[in-house]
Amino acid sequence: QVQLVESGGGLVQAGGSLRLSCAASGRTFSRYAMGWFRQAPGKDREFVASIAWSGGNTVYADSVKGRFTISRDNAKNTVYLQMNSLKPEDTAVYYCAEDSRPYSIVIVITSADWGQGTQVTVSS
């Protein structure tokens, strides 16, 4: 059974930084694409970033390009999201996702497993 556990959320002032981590277990981590999504109150869950199983391909939402960086450490079964220059509109619950298709390049929501989420709050 896949388990994804996020950590690193919190309260930060605008312009600050946070690094989210997601520890995965339950299957061979290095074979699956990983990603981050977020959901603000009253809004739909939206894509933030993804990284291919090999780490060689990353994709970002336009709203976070140049500010956020996704990375993975396959030896630690962990994916990270470094968030810099945070803005109040980045406030949301951030969810880690793992695609269930082996050797996947991108995350497909309908084939993903999810963590429980971690709250990120950016004050102005």
Side-chain angles (χ1 to χ4, degrees):
Q1 184 175 350
V2 173
Q3 188 172 18
L4 304 171
V5 180
E6 300 100 333
S7 60
L11 174 63
V12 64
Q13 287 189 330
S17 299
L18 283 174
R19 189 175 83 153
L20 304 183
S21 300
C22 173
S25 61
R27 58 181 170 220
T28 306
F29 176 80
S30 60
R31 295 180 183 176
Y32 300 91
M34 300 294 296
W36 291 93
F37 292 73
R38 67 187 182 186
Q39 187 167 19
K43 294 188 177 181
D44 293 334
R45 190 171 298 189
E46 65 174 2
F47 170 78
V48 175
S50 68
I51 186 166
W53 67 276
S54 62
N57 186 71
T58 56
V59 181
Y60 295 92
D62 288 343
S63 58
V64 306
K65 277 182 184 176
R67 301 189 297 123
F68 290 10
T69 303
I70 189 171
S71 62
R72 65 189 299 158
D73 185 337
N74 287 343
K76 295 183 178 180
N77 289 359
T78 301
V79 63
Y80 304 97
L81 185 68
Q82 178 67 44
M83 305 185 295
N84 299 328
S85 302
L86 282 161
K87 304 175 181 180
E89 51 263 43
D90 294 318
T91 295
V93 177
Y94 282 70
Y95 295 91
C96 173
E98 182 177 76
D99 201 283
S100 63
R101 301 166 300 154
Y103 305 109
S104 43
I105 302 298
V106 295
I107 288 281
V108 174
I109 288 182
T110 53
S111 63
D113 294 291
W114 300 90
Q116 82 288 350
T118 185
Q119 177 70 47
V120 171
T121 303
V122 184
S123 63
S124 57

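No continuous path of ILVMFWY side-chain contacts below 4.5 Å connects Val59 to Val108, so the two sit in separate hydrophobic clusters. One hydrophobic cluster, built from ILVMFWY side chains closer than 4.5 Å, holds both Ile109 and Tyr95.
For the pair Ala14 and Ser124, the tightest heavy-atom approach, listed with the atom from each and the gap, is CB-CA, 4.4 Å. Taking all atoms of both residues into account, the shortest heavy-atom contact from Ala97 to Ala112 is CB-CB, 4.2 Å. Across every non-hydrogen atom of Asp99 and Ser104, the tightest pair is CB-OG, 3.6 Å.
Judged by distance alone, the side chain of Arg101 and the main-chain N or O of Ala33 form no donor-acceptor pair under 3.5 Å.
Side-chain contact between Gln119 and Leu11 is absent, with no heavy-atom pair separated by less than 4.5 Å.
We find the CD-CD distance between Gln116 and Gln3 to be 8.5 Å, quoted to the nearest 0.5 Å. The line from CD of Glu98 to OG of Ser111 is 10.5 Å long, rounded to the nearest 0.5 Å.
For residues 74-86, the side chain to side chain donor-acceptor pair (under 3.5 Å) pairs, not counting sequence neighbours, are Ser17-Asn84, Arg72-Asn74, Gln82-Asn84. Applying the side chain to side chain donor-acceptor pair (under 3.5 Å) test to pairs two or more places apart or on separate chains, those with a residue in residues 45-57 are Arg38-Glu46. Residue pairs meeting the disulfide (SG to SG under 2.5 Å) criterion with at least one partner in residues 22-124, sequence neighbours excluded, are Cys22-Cys96.
Residues passing the side chain to side chain donor-acceptor pair (under 3.5 Å) test with Lys43: none are found, sequence neighbours excluded. Scanning for ring-ring contact (aromatic ring centres under 6.0 Å, His included) contacts around Phe37 gives Phe47, Trp114, with sequence neighbours left out.
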Practice task
Would you sort out whether Ser7 and Thr118 count as a side-chain contact (heavy atoms from CB on, under 4.5 Å), showing the intermediate values?
Solution key: CA-CA 6 Å; Ser7 60; Thr118 185; 6.0 Å; no
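For Lys87 and Asp90, the salt-bridge test fails: no basic side-chain N is under 4.0 Å from an acidic carboxylate O.
With a 4.5 Å cut-off between side-chain heavy atoms of Ile, Leu, Val, Met, Phe, Trp and Tyr, the cluster of Leu20 takes in Val2, Leu4, Val12, Leu18, Phe29, Met34, Trp36, Val48, Ile51, Tyr60, Val64, Phe68, Ile70, Val79, Leu81, Met83, Leu86, Tyr94, Val120, Val122.
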